[in-house]
There are 2 protein chains.
Amino acid sequence: MKGKATSFDIAHHAGVSQSTVSRALRNSPLVNEETRKRVHDIAKQLNYKVDKNASNLRTQQSSTLALLLFEDPTSDESQINPFFLSMLGSITRACAKEGYDLLVSFQSASADWQADYEDSHRADGIILLGYGDYIDFQPKFKTLLDQNTKFVCWGATVDNRPDLTVCCDNYGGGKLAARHLIAHSRTDCAFIGDASDHSPEFFARFEGFKDELLANNVTINERKMANAISTEESGYHATRSLIANNIKFNALFAASDLIAIGAIRALKEANIKVPTDVAVVGFDNIAIASYINPPLTTIAQDTTIAGQMLVENLLKLIREEEVQSTLLPPALIARGSS
Amino acid sequence: MKGKATSFDIAHHAGVSQSTVSRALRNSPLVNEETRKRVHDIAKQLNYKVDKNASNLRTQQSSTLALLLFEDPTSDESQINPFFLSMLGSITRACAKEGYDLLVSFQSASADWQADYEDSHRADGIILLGYGDYIDFQPKFKTLLDQNTKFVCWGATVDNRPDLTVCCDNYGGGKLAARHLIAHSRTDCAFIGDASDHSPEFFARFEGFKDELLANNVTINERKMANAISTEESGYHATRSLIANNIKFNALFAASDLIAIGAIRALKEANIKVPTDVAVVGFDNIAIASYINPPLTTIAQDTTIAGQMLVENLLKLIREEEVQSTLLPPALIARGSS
DNA sequence: TTGCATTATGACACCGGTGTCAGGATTAGA
DNA sequence: TCTAATCCTGACACCGGTGTCATAATGCAA
């Protein structure tokens, strides 16, 4: 047989109308049990599969979600932040569980991506993932909202719409890091990351960290802070510059694990011992964290639950159900670096 | 305006027929330049996007590829082999470059996945990725071939159809590893991996390794081989069992980096020094490899090119063009573990 | 037997584009 | 001026399903 079987072929074989075939295959209660069975058998025999394009066109939905992954434009083309890859894994699984397909696309944060998928009926909703420069995002969020596009976002908050965001309690995570360092009497802290509002996640981590230190009568010196985006390279250079400026500290909180790993490399290079001289705490608990030397103490985000929540919340939005704002609890994982 | 704009809306605004709108938007040479421009302007203004379902239904194609990622069923649910994640990244990029979307799905190797995407017209072709038990795959490959489904496969060879496979020269990679160890006078070698035909990739790596040793008059003792699947955990246990059986060796070739990382953990635990007592070489060059202690010597596969080749070859198959069998050159990356 | 509800099915319009064909308008050539 | 070629456009069938409506067949009560 050339070409794929259609429902008409089945109808012909079963001696019923195409309408009945369609109903039978979707297990409509309107169709007689015996007919239903016969149609199913023939469908299997002919290796028939419903044409999704036809079905989606008619029903005006797609059983597909789109995942847009934004990369830091400055980061190396070939490498993706392992944290997001881990999220991708859990999102894929969550989609499969809900019977949705997942379209994946990597975008640079600046590109003109808005709603391309949803407008063209490729996907019923969009998941946005990435540590981007969220300032750029706000106008795009507005466009999405205006077009009534269904989307959820990891990390970044959308104006007045906390229900569209799923993220880790970054502020609480920062506090955990501070409490841990204080408990180990390391109060002369450095911070590597971006403490501006361009990276709201990093900013919240810093704020939590700072506030918890303050609550313990410790202040963090601005000179002991250095900017970095979430790459190993960037963490390395930021730390080197602190060292080069002869800035001293006995603890270092990095806004992400990749930064922390770069920082440790810089410290080692300068013959500063981790954790003896400087205790290091990261954020994310990526897989690499436990394998480096020394193993990295970090604040873990549960990517499995995060992925599930993103998908669940998005589906609720699509079904026009109420969605709660979702803040996931972080957890300290103490390892050798502190 | 409620609902999305359709080509009829544009036709109405532009005062032309819907046919003309369709032609204009696809830049058909049949339509007058001025009309074309007017239609484009109105389309942009109305934020019109072609309905992919309708267009795909009519043209019987989808501009979409599907990526099926098979996981070792025994591996931890939450963690995906970083090597495949890296491939995923490059495949995504390659698809984007070619103007194709990518549907991603994780499957267990045993599931009944065959051609679901392609049959239902969700995707024009399928990329199969995974270290699975390829014995199970052969009958499924046959089904795919019978149905004239377009697919390419990473690693596993499909009977008599080398053009459907893209993979690294695993045999050559094994040779590289052996040559490297011999050059460092480490000839008492252990091998951890699966040297059966269930894992053709691992098998080829082992064969290359063994043959190169033989060419240098070194044989590998069967007792110094242990089975492992590609997880850290599995590598750890396999190595522990060798140690527990009091088997001695001064070099270890692991069929993958994850196995090597597990092996190093087991060696360290047994107070065996890497590389002083045992030199370790892995395979894949995953990101973690360079960060562990000591940094892992490994055989690198270029995932960027691999992803590109998979996509390019698949597109050629779809367009019914000739495809060459593709074997990618491996490269030795010498680091501290050897 | 008549009347009405229930069940199972077929006919048909429809989703929103694309491709084909026919035909009007314009221009070139004779 | 007439014919032919070229250019541009509209009408319409079509892709393969889904949802609605009409209807035939059956069952049950009056």
Side-chain angles (χ1 to χ4, degrees), chain A residues 1-40 42-43 46-64 116-124, chain B residues 1-40 42-43 46-64 116-124:
Chain A
M1 142 137 44
K2 77 236 138 153
K4 310 256 186 263
T6 73
S7 51
F8 281 95
D9 298 328
I10 298 182
H12 185 250
H13 280 255
V16 294
S17 75
Q18 182 271 338
S19 300
T20 304
V21 171
S22 173
R23 278 190 287 257
L25 290 175
R26 281 173 299 134
N27 296 319
S28 157
L30 289 176
V31 44
N32 181 288
E33 177 59 23
E34 192 205 335
T35 315
R36 197 187 68 75
K37 220 164 181 174
R38 193 166 76 249
V39 168
H40 272 272
I42 295 173
L46 296 184
N47 209 338
Y48 168 83
K49 293 276 153 50
V50 174
D51 185 312
K52 288 282 186 183
N53 289 318
S55 141
N56 290 342
L57 172 59
R58 182 64 229 249
T59 57
Q60 298 290 42
Q61 38 135 339
S62 63
S63 307
T64 302
D116 219 19
Y117 288 98
E118 205 259 358
D119 277 354
S120 60
H121 286 281
R122 313 251 9 196
D124 297 335
Chain B
M1 140 136 46
K2 53 174 195 215
K4 310 259 185 260
T6 72
S7 51
F8 281 95
D9 298 328
I10 298 182
H12 185 250
H13 279 257
V16 294
S17 75
Q18 181 271 338
S19 301
T20 303
V21 171
S22 173
R23 278 190 287 258
L25 290 176
R26 281 172 302 135
N27 297 318
S28 157
L30 289 176
V31 44
N32 181 288
E33 177 60 22
E34 192 205 334
T35 317
R36 198 187 66 75
K37 221 166 182 172
R38 194 166 75 250
V39 169
H40 272 273
I42 295 174
L46 296 184
N47 208 338
Y48 169 82
K49 293 277 153 52
V50 174
D51 185 311
K52 287 284 184 184
N53 289 318
S55 144
N56 291 342
L57 172 59
R58 181 63 228 246
T59 57
Q60 298 290 44
Q61 40 138 338
S62 63
S63 307
T64 301
D116 219 19
Y117 288 98
E118 204 261 357
D119 277 354
S120 60
H121 287 281
R122 312 247 15 189
D124 297 335

query: Mind checking what makes side chain to side chain contact (heavy atoms under 4.5 Å, CB included) contact with B/N53, not counting sequence neighbours?
result: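 Counting only residues at least two positions away or on another chain, B/N53 forms a side chain to side chain contact (heavy atoms under 4.5 Å, CB included) with A/N53, A/N56, A/L57, A/H121, B/D51.
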message: Run the side chain to side chain contact (heavy atoms under 4.5 Å, CB included) test against A/T20 and tell me which residues pass, sequence neighbours left out.
response: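 With sequence neighbours excluded, A/T20 shows a side chain to side chain contact (heavy atoms under 4.5 Å, CB included) to A/V16, A/S17, A/R23, A/V31, A/T35, given in chain and number order.
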Identify whether any heavy atom of [X] sits under 4.0 Å from a base atom; if not, whether one sits that close to sugar-phosphate; answer base, sugar-phosphate or nothing.
X     : value
B/S22 : base
A/T6  : sugar-phosphate
A/S7  : sugar-phosphate

task: Please figure out whether B/S55 or A/R58 has its closest DNA chain C nucleotide nearer the 5' end.
output: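 Its nearest nucleotide being more 5', the pick is A/R58.
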Upstream residue (5' side of DNA chain C) when B/Q18 and A/A54 are each assigned their closest nucleotide: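 Whichever sits nearer the 5' end wins; that is A/A54.
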task: Runs of at least three consecutive Watson-Crick or G-U pairs, both distances under 3.5 Å, are what I'm after; which ones involve DNA chain D?
output: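 Counting only runs of 3 or more consecutive pairs, the stems involving DNA chain D are C:1-30 with D:1-30.
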query: Which two nucleotides bound the region of DNA chain D that has atoms under 4.0 Å from heavy atoms of chain A, read 5' to 3'?
result: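 Going 5' to 3' along DNA chain D, contacts run D/dG16 to D/dT20.
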task: Just jot down the salt bridge (Lys or Arg N to Asp or Glu O under 4.0 Å) partners of A/R38, sequence neighbours excluded, or say none.
output: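 Listed in chain order: nothing, the list is empty.
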- prompt: Among residues 26-39 of chain B, which residues get a heavy atom nearer than 4.0 Å to DNA chain C?
  reply: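 Listed by number, they are B/R26.
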message: Test your reading of the model: is there a side-chain donor-acceptor pair from A/S120 to the backbone of B/V50, 3.5 Å cut-off?
response: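 Not at all, since once roles are kept as given, no pair shorter than 3.5 Å links the two residues.
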message: Show every salt bridge (Lys or Arg N to Asp or Glu O under 4.0 Å) that has at least one partner inside residues 26-36 of chain B, sequence neighbours left out.
response: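 Non-adjacent pairs meeting salt bridge (Lys or Arg N to Asp or Glu O under 4.0 Å): B/E33-B/R36.
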